[in-house]
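Okay, so here's the structure we're looking at.
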Amino acid sequence: MEKIIDGKAVAARIKEEIKEEIERTGVKPCLAVVLVGEDPASKVYVGNKKKACEYCGIGSLSYELPADTGEEELLELIHKLNNDDKVNGILVQLPLPPHISEDRVIDAISPDKDVDGFSKQSAGALMTGEKGFLPCTPAGIIELLKSYNVEISGKNCVVMGRSNIVGKPAALLLLRENGTVTVTHTKTENIKEITGKADILVAAVGKPRLIDESYVKEGAVIIDVGIHRLDPEKNNGKKLCGDVDFDSVAEKASLITPVPGGVGPMTIAMLMKNTLLAVKR
Ligand code: GUN
């Protein structure tokens, strides 16, 4: 169907461009990937990030630490990687175990190696429009919209969710593109009145299939950031779903991202882009 946004294809094109640039220029980027604990989803994400590095010609250093690793020990590793000239980017997969402060760990990463774009310096740069690393998922959303020639300027953009990783930065990036941006959250009243006016709707609520056709305007562009595991036996063989009830919303949307194969691959492609950028800077 024409209206499905093929994130996998757009991400493949971006990774191809990165691979070619690395071959042409002979640069040797290196990403340090840090995983603490045994979270199965995090293991899959980290594995996919390492695979993408290999494809693009980016070296990766893997640090898989046990769940009972202390905060100080993790901070020491970050300091060591900050001071290692061979390492251009540092990625600490979230969530971290509850006894470790994510804020402290993220802020320990040197701003010029913060390829996830999560540090306070990167957030400040995003806010003011200065040069910095853009967070990968929100940057990937903008790339997808541009790849499909979706006009953002002047359009009603509604971002559902206000996390530091997705909702807030996505809203700021849409604003940078001159969208008229509204952010909704769990305390928003009459939410469907707001989402029902969206030309572009970004769903980052973390609830499986919450958004059905009653939230959506005819002809809207739908970007689904959610990813949730399903029992395939109860879901016609489907293993994953997003925050959007795809089948009902696809009827009304002019463009829609699937899960999987929409935003997810873009997050990884933008991480590769940031890692190459880290070398150039
Ligand atoms: N956990 C969920 N998404 C992300 C991401 O984009 N980067 C990191 N480091 N952890 C995550």
Side-chain angles (χ1 to χ4, degrees), residues 7 11 14-15 31-53 58 60-65 67 69 74-75 77-78 81-82 87-98 100-111 113-123 126 132-144 159 161-170 172-173 202-208 223-229 240 242-243 257 259-260 262-275 277-278:
I14 292 170
K15 284 189 288 183
L31 176 67
V33 180
V34 182
L35 173 67
V36 185
E38 303 287 330
D39 180 58
S42 288
K43 279 190 168 180
V44 173
Y45 298 143
V46 161
N48 288 340
K49 288 170 186 180
K50 288 194 280 197
K51 255 191 247 162
C53 281
I58 295 174
S60 68
L61 295 172
S62 184
Y63 297 86
E64 297 192 1
L65 309 177
T69 300
L74 180 56
L75 290 171
L77 172 63
I78 306 283
L81 296 171
N82 282 341
V87 173
N88 307 106
I90 302 170
L91 174 134
V92 179
Q93 187 65 29
L94 303 180
L96 290 169
I100 300 179
S101 156
E102 291 188 350
D103 275 355
R104 280 192 71 193
V105 170
I106 288 166
D107 278 325
I109 298 171
S110 168
K113 297 189 180 186
D114 174 33
V115 288
D116 248 331
F118 291 168
S119 71
K120 290 197 174 69
Q121 179 150 333
S122 300
L126 168 61
F133 293 108
L134 297 178
C136 302
T137 300
I141 292 171
I142 301 293
E143 282 284 332
L144 271 187
V159 179
R162 55 174 159 178
S163 71
N164 287 340
I165 295 181
V166 181
K168 281 188 231 170
L172 285 169
L173 281 181
V202 177
V205 296
K207 297 203 179 75
I223 305 292
D224 189 352
V225 184
I227 182 152
H228 310 278
R229 255 152 239 285
L240 295 171
D243 290 348
T257 60
V259 177
V263 173
M266 292 301 292
T267 300
I268 296 181
M270 301 319 282
L271 175 68
M272 300 300 109
K273 207 170 170 178
N274 276 349
T275 306
L277 195 62

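Atoms within each ligand, like the ligands themselves, are counted from 1 in listed order.
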May I ask you to decide whether Glu64 forms a salt bridge with Lys43, counting only side-chain N to carboxylate O separations under 4.0 Å?
no

Quick one, Asp224 with Val263, criterion side-chain contact (heavy atoms from CB on, under 4.5 Å). Give me CA distance, side-chain angles, the key distance, then yes/no.
CA-CA 7 Å; Asp224 189 352; Val263 173; 5.9 Å; no

Give the contacting part of Asp116 toward ligand 1: side chain, backbone, both or neither, where contact means a heavy-atom distance below 4.0 Å.
side chain

With heavy-atom distances below 4.5 Å as the criterion, would you say the side chains of Phe118 and Ile165 are in contact?
yes

Option passing side-chain contact (heavy atoms from CB on, under 4.5 Å) with Pro135 (candidates Leu126, Asp114, Asp116):
Leu126

Ligand 1-proximal atoms of Lys49, by part, heavy-atom distance under 4.0 Å:
side chain

Would Leu94 count as a polar contact of ligand 1, with the cut-off being nitrogen or oxygen pairs under 3.5 Å?
yes

If you count the atoms of ligand 1 from 1 in the order shown, which ones are under 4.0 Å from a heavy atom of Val92?
8 (C), 9 (N)

Closest to atom 4 (C) of ligand 1 (heavy atoms only, candidates Met270, Glu102, Gln93) is Gln93

Go through the steps for Met272 and Ile14 under the test side-chain contact (heavy atoms from CB on, under 4.5 Å), then give the verdict.
CA-CA 9 Å; Met272 300 300 109; Ile14 292 170; over 6 Å; no

Which bit of Phe118 gets closer than 4.0 Å to ligand 1, counting heavy atoms only: side chain, backbone, both or neither?
side chain

